[in-house]
Each structure stands twice: as C-alpha cells, then as structure tokens.
Participant: 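Here it is, the structure, as structure tokens.
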Amino acid sequence: MYDVLYIGGGLNYAGAIVAAKNGLKVALVEKEMDLLGGTCLHKGCIPSKMFLHYANTLRQSKSPFFEGTLTLEMKTLVEKKNRLRQNANKAVRTQCREIDLIEGEGKLTAPHKVEVGGKTYEAKSIVIGTGSSAFIPEGIAYDRENIITSDEVLEMKQLPKTIAIYGDGAIGREMASFFVSSGAKVTLISRHEGLLKGAHTLIANGMQKQMDTLGIEHLGNHPVAKARMTQRGVHVTFEDGSSRYFETLLVATGRRPNTGVIRTDAVKVGKGIVTDDDFETTLSGHYAIGDCNGKLQLAHAARAEALYVTQKILGRTPHRLNLSHVVKFMHTLPMSYAWVGETRHTLEKRNADFKESVMPLNRFTASVFHDAIHGMMITYADGEGFILGAEILAPDAEELIAPVAMALAGEMDAPLAQRTVMAHPTFSEALERSWFKL
C-alpha cells in the first residue's frame, strides 16, 4: 500500500518528489520511462522553443546589416535536441530516486486501485496526470510523413520548401514562426476569419502586421473538410468546396485530454476528468491535474496543480490556485503574445467597470532594432485602481508579463505598482509607464 500513487510522469513528477521528500511512500506510473518528464520536455515546449531560438538567429541574419546567407542544419539541430532531452530525462530520474518508478500504462479500475500490466497497486491517494494528445479532425489522413503534427516537426531531418499549417492557436502560430523564419513558404489556415480571438483589437492588428511582414499567408474562414496525400502533394479540400495542394500539412487543431486512464464509474469524465477547485475528482482522495482535467493546457499550470494537490495530501493548507492568474502566451517571432488575469474581452463580456492603459512600443527607440514597432502593452485596473490583468505583444512577452502576474498575486493597486523603477533601456519600461496611466 502506497501513501500516494501518481499516474503519468509529466509534471506530476514534481508532486511525487515533494511527497517522497516529506516521508511518504510514493509510486509513479509512466507508460514510457524514456519520456519521464512529460510532453513539454520531450515533444513540446522545451524542444520547440529551442527550435525557435535558432530559427530567430536565421531570421535576424536576413537583415541588410549582414552579408551572406545561412541555412538551418536540421539534422544537427535534431541531434542536439535529442541530447538535451536525454540529459534532462536523466536529471528527472535522479530527482525521483526515492520514488518507486513503475513502467506501463496505468488504469484506475476501482477506488484506490491502479492496474499496470496485469498487476494491481493500491494507494491511499491517487493523482492522475495523463496529459493530452494531438487532435486530428475527421477527414484528415494523418500519415506522420506528409500530414504531420508538431511531434514530427521535432524529428525532421530536412525542412520543406512549402508548408500549410491548419490551426492558428499557440502551436500553429509557433510552428508558423519557426518555418517562415527558417526559409519555408508558410500558409496558415484558420477555421474563423480573424486572428487572436479574444485578444485586444490593437494586439490582434499588431500580430497581423507581424505575420504580413514575415510573409505568412493567412487563409481565414477556411475550415478543412479533408486532406489526403497524392502524387501532386497533400490535397487539402475546404468546406466551401475549394482546394489547394501543399508539400506538407501540419495539423495544429488543439489537444484533447487523455481520459482513458479512468476505468471506474466512480470518477466522472466530461471534456476532461471532472474535478473541483482543489482538483479532486468525484471520488474522494483521487485527483486529476494538468491537461487531463481539461481546465488549462499549460505545463506550468500542471506543475502548480501537482504541487498544490501534494500539499493537500500532506495535510497542509496551501493558498488556493487561481487559474486566471496563470500566465498564458503564444510564442511567435519576433514578438510573442502573453496575457494574464483579465483582458478587455473578458471584462466586456461580464460588463465590468474598468480602466485601460495602452502603451505602444513604437514610443521606445529599441522597438526599431527589436522588430517591435507594432508591439503593445495594455494593462487593466478596476474602478479603485487595483490591477486586473494585462495583454502584451512584444519580444519575450512571456517574460515581460511576470510583474503583472506578481501584482495579481499580491493584490496590488496601480499606485503601489508605480513604485517599481524598471531598467532602461528595456521594454519593461513600457509596463511601468502603462501603470502610471491607470
């Protein structure tokens, strides 16, 4: 009998380590121990950000201030990525030395019972963190060679000359930035007409200008009916009956929670594994964290949830997580879009009383050589001046948004935030000045 059994070796492992260090008997079940650390480490945010980093160098080299041409050597990049993954996996295993690692696919078959490879393990508490999987819409013949997902991009030995990307969410935009910066001709296909649904109009316009500058073709309001590989290439047929051929089609239409772990009616499953605000399922003592609960598909959110649940299991009273205060972002080149807390869209949706401060980055000289003239920082406060949230379109926006997240956690008002003196010359100055306008 274990004190805690964790199913899924993604960010769940962070909770398992804490539980073991606090004297609990802990087991962690992972389908493939070579992938211990999860999708983010092996097939998601870590390798993709590495790819973007080097693609950005190539993009910058095309400036008229440089002579000659560079190419991205994909074989070498993939080899470096694999070494990075292997080293990180070893580091995670080392941290898990006090945990019983069980390889195999875990199934919750009854309260407090998990079956792995025909053997049943029991635990007082069970934490499920089985993540999510890429969603392939019906009609698209995914073959992992010509019709691919981001998983296959991270194994490419050669870049395509042209590529279509279906889906303009975080993964689609990130991949579009990578391929166009690496020299490919990119077509981004969206189901809807506009860009960045839910973003402030100024930021959506800025992102559109960035895409135009990069040379990304955007096919809005073009839901795909079917896609097949043919002798002429990937034949994509749209719902309006029109069609086009592409060398490669990357499907980035979102991810679905992995809920197959549940084999008992005691745990309710909806869009994800149903939980309350403490991430406890409909079965007491059983929790679901990360992508599989369908709340927020972000690695840092999964880690925070795993640690929160573990503190609860240890008998402590952690401060309840507010998922709206978790930073969200789309990593694109040269500027990223990040937001936290309330946005104009959410505030208007609930008819809230708020103040808005807009600070264009073109007011700062550095925006010219950082390709950020279309960037924007927009902050929000309530009628009493308390900070509600922010939206940022800027280089490294996911880093620049951090002070706003801290302000939300600390329940700061604008006058208190204004006491912070940001460094010069940096884009954080724009955030400082936006607070003075609230």
Side-chain angles (χ1 to χ4, degrees), residues 49 52-53 56 60 170 196 198-210 213 298 300-301 304 319 322-348 352-438:
K49 302 304 178 289
L52 275 178
H53 172 76
N56 195 36
Q60 292 171 325
L196 290 183
H200 194 289
T201 302
L202 292 175
I203 285 181
N205 290 342
M207 180 64 82
Q208 180 64 65
K209 291 174 182 176
Q210 174 170 279
T213 300
L298 293 167
H300 47 287
H319 191 277
N322 184 339
L323 295 183
S324 71
H325 289 179
V326 174
V327 170
K328 297 95 174 170
F329 67 94
M330 293 184 179
H331 196 83
T332 53
L333 297 176
M335 297 187 294
S336 297
Y337 170 49
W339 68 103
V340 68
E342 300 272 19
T343 64
R344 180 168 185 151
H345 175 74
T346 61
L347 288 164
E348 290 181 338
D353 178 31
F354 69 96
K355 293 183 288 186
E356 171 185 296
S357 173
V358 178
M359 183 57 62
L361 295 192
N362 61 14
R363 296 185 183 180
F364 300 83
T365 306
S367 66
V368 175
F369 53 84
H370 280 290
D371 300 315
I373 58 172
H374 301 303
M376 200 75 56
M377 289 202 182
I378 306 174
T379 52
Y380 306 95
D382 64 16
E384 297 179 351
F386 283 93
I387 294 168
L388 296 174
E391 299 179 72
I392 296 177
L393 178 65
D396 301 316
E398 63 280 3
E399 301 277 3
L400 290 167
I401 200 82
V404 184
M406 295 178 71
L408 290 171
E411 298 181 349
M412 295 172 64
D413 60 12
L416 183 57
Q418 290 163 12
R419 297 181 191 177
T420 305
V421 180
M422 303 294 189
H424 173 77
T426 66
F427 287 129
S428 60
E429 290 179 278
L431 182 60
E432 177 190 346
R433 295 188 194 181
S434 74
W435 281 336
F436 272 93
K437 295 174 64 179
L438 287 172

Participant: Measuring from Asn56:CG to Asp371:CG, what's the distance to the nearest 0.5 Å?
Facilitator: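 CG of Asp371 is found 8.5 Å from CG of Asn56.
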Participant: Using the side chain to side chain contact (heavy atoms under 4.5 Å, CB included) criterion, which residues pair with Ala417? Sequence neighbours excluded.
Facilitator: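 Applying side chain to side chain contact (heavy atoms under 4.5 Å, CB included) to Ala417 gives Ile387, Met412, Trp435.
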Participant: Working to the nearest 0.5 Å, report the span between OG1 of Thr332 and CG of Leu196.
Facilitator: 8.0 Å
Participant: How would you list, by chain and number, every residue that makes a side chain to side chain contact (heavy atoms under 4.5 Å, CB included) with Ala304, sequence neighbours excluded?
Facilitator: Leu321
Participant: Name all residues meeting the side chain to side chain contact (heavy atoms under 4.5 Å, CB included) criterion together with His53; count only those two or more places apart in sequence or in a different chain, and write none if there are none.
Facilitator: none
Participant: Looking at every heavy atom in both Leu361 and Ala372, which two are closest together, and how far apart are they?
Facilitator: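 Nearest heavy atoms, Leu361 then Ala372: CB-O, 3.5 Å.
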Participant: What distance do Ile378 atom CD1 and Lys437 atom NZ have between them, rounded to the nearest 0.5 Å?
Facilitator: 10.0 Å
Participant: Using 0.5 Å steps for rounding, measure from the CG atom of Asn205 to the CD atom of Gln210.
Facilitator: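 So the gap between those two atoms works out to 13.0 Å.
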Participant: Could you list all the salt bridge (Lys or Arg N to Asp or Glu O under 4.0 Å) pairs where at least one residue sits in residues 409-423, not counting sequence neighbours?
Facilitator: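 Listed by first then second residue: nothing to list.
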Participant: Can you list every pair that meets ring pair (Phe, Tyr, Trp, His ring centres under 6.0 Å) and has a residue in residues 389-413, with sequence neighbours left out?
Facilitator: none
Participant: Indicate the atoms forming the closest heavy-atom contact of Ile392 with Ala394, along with that distance.
Facilitator: CG2-CB, 3.7 Å
Participant: Report yes if the side chains of Trp339 and His345 come closer than 4.5 Å at any heavy-atom pair, otherwise no.
Facilitator: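 Not touching, per the 4.5 Å side-chain cut-off.
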Participant: Using the test side-chain hydrogen bond (donor to acceptor under 3.5 Å, both in side chains), find all partners of Thr426 that sit at least two apart in sequence or belong to another chain.
Facilitator: Ser428
Participant: Considering residues at least two apart in sequence or located in another chain, which fulfil the side-chain hydrogen bond (donor to acceptor under 3.5 Å, both in side chains) criterion with Ser324?
Facilitator: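 Per chain and number, Ser324 pairs via side-chain hydrogen bond (donor to acceptor under 3.5 Å, both in side chains) with Asn322.
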Participant: Output all residues satisfying side-chain hydrogen bond (donor to acceptor under 3.5 Å, both in side chains) with Glu348, sequence neighbours left out; order by chain, then residue number.
Facilitator: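 Once residues adjacent in sequence are excluded, the partners of Glu348 under the side-chain hydrogen bond (donor to acceptor under 3.5 Å, both in side chains) criterion are Arg344.
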Participant: Applying ring pair (Phe, Tyr, Trp, His ring centres under 6.0 Å), which residue pairs with at least one partner in residues 402-432 are found, sequence neighbours left out?
Facilitator: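 Checked against ring pair (Phe, Tyr, Trp, His ring centres under 6.0 Å) - neighbours excluded - the pairs reaching residues 402-432 are His370-Phe427.
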Participant: Taking salt bridge (Lys or Arg N to Asp or Glu O under 4.0 Å) as the cut-off, I'd like each qualifying pair that reaches into residues 395-404, sequence neighbours left out, listed once.
Facilitator: none
Participant: CG of Leu408 to CD of Glu342: how many Å apart, nearest 0.5 Å?
Facilitator: 9.0 Å
Participant: Do Met359 and Phe436 come within less than 4.5 Å of each other through their side chains, counting heavy atoms only?
Facilitator: no
Participant: Specify the closest pair of heavy atoms between Ser336 and Ala397, including all atoms of both residues, with the distance to one decimal.
Facilitator: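 Answer, listing the atom of Ser336 first, then Ala397: O-CB, 3.2 Å.
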Participant: Can you confirm whether more than 12 heavy atoms, excluding those of Met406, are under 6.0 Å from its CE atom?
Facilitator: no
Participant: Can you list the residues that meet the salt bridge (charged side-chain N to carboxylate O under 4.0 Å, His left out) rule with Asp382, with sequence neighbours excluded?
Facilitator: none
Participant: How long is the straight-line distance from NE2 of His374 back to CD of Gln208, given to the nearest 0.5 Å?
Facilitator: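 Interatomic distance, Gln208 CD to His374 NE2, rounded to 0.5 Å: 11.0 Å.
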Participant: Compare every heavy atom of Val326 with every heavy atom of Ala301, then report the nearest pair and how far apart it is.
Facilitator: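 Between these two residues, the closest heavy atoms are CB-CG1, 4.2 Å.
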Participant: Taking all non-hydrogen atoms of both residues into account, name the closest pair between Ile401 and Val340 and its distance.
Facilitator: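 That closest heavy-atom pairing would be CG1-CG1, 3.7 Å.
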Participant: Can you sort out the partners of Lys49 under salt bridge (charged side-chain N to carboxylate O under 4.0 Å, His left out), two or more places apart, ordered by chain and number?
Facilitator: Glu174
Participant: By the definition side chain to side chain contact (heavy atoms under 4.5 Å, CB included), identify the one residue from Met376, His331, Lys328, Met207 that meets it with Tyr337.
Facilitator: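 With Tyr337 as partner, Met376, His331, Lys328, Met207 yield a single side chain to side chain contact (heavy atoms under 4.5 Å, CB included), made by Met207.
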Participant: Please determine whether side-chain contact (heavy atoms from CB on, under 4.5 Å) holds for the pair Leu431 and Leu400, giving the CA-CA distance in whole Å, both sets of side-chain angles, and the decisive distance to 0.1 Å.
Facilitator: CA-CA 8 Å; Leu431 182 60; Leu400 290 167; over 6 Å; no
Participant: Using a 3.5 Å distance criterion without hydrogens, assess whether the side chain of Glu391 forms a donor-acceptor pair with backbone atoms of His200.
Facilitator: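 It does hold such a pair.
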Participant: If I compare all heavy atoms of Leu438 with all of Ser357, which pair ends up nearest, and what's the gap?
Facilitator: CD2-CB, 3.7 Å
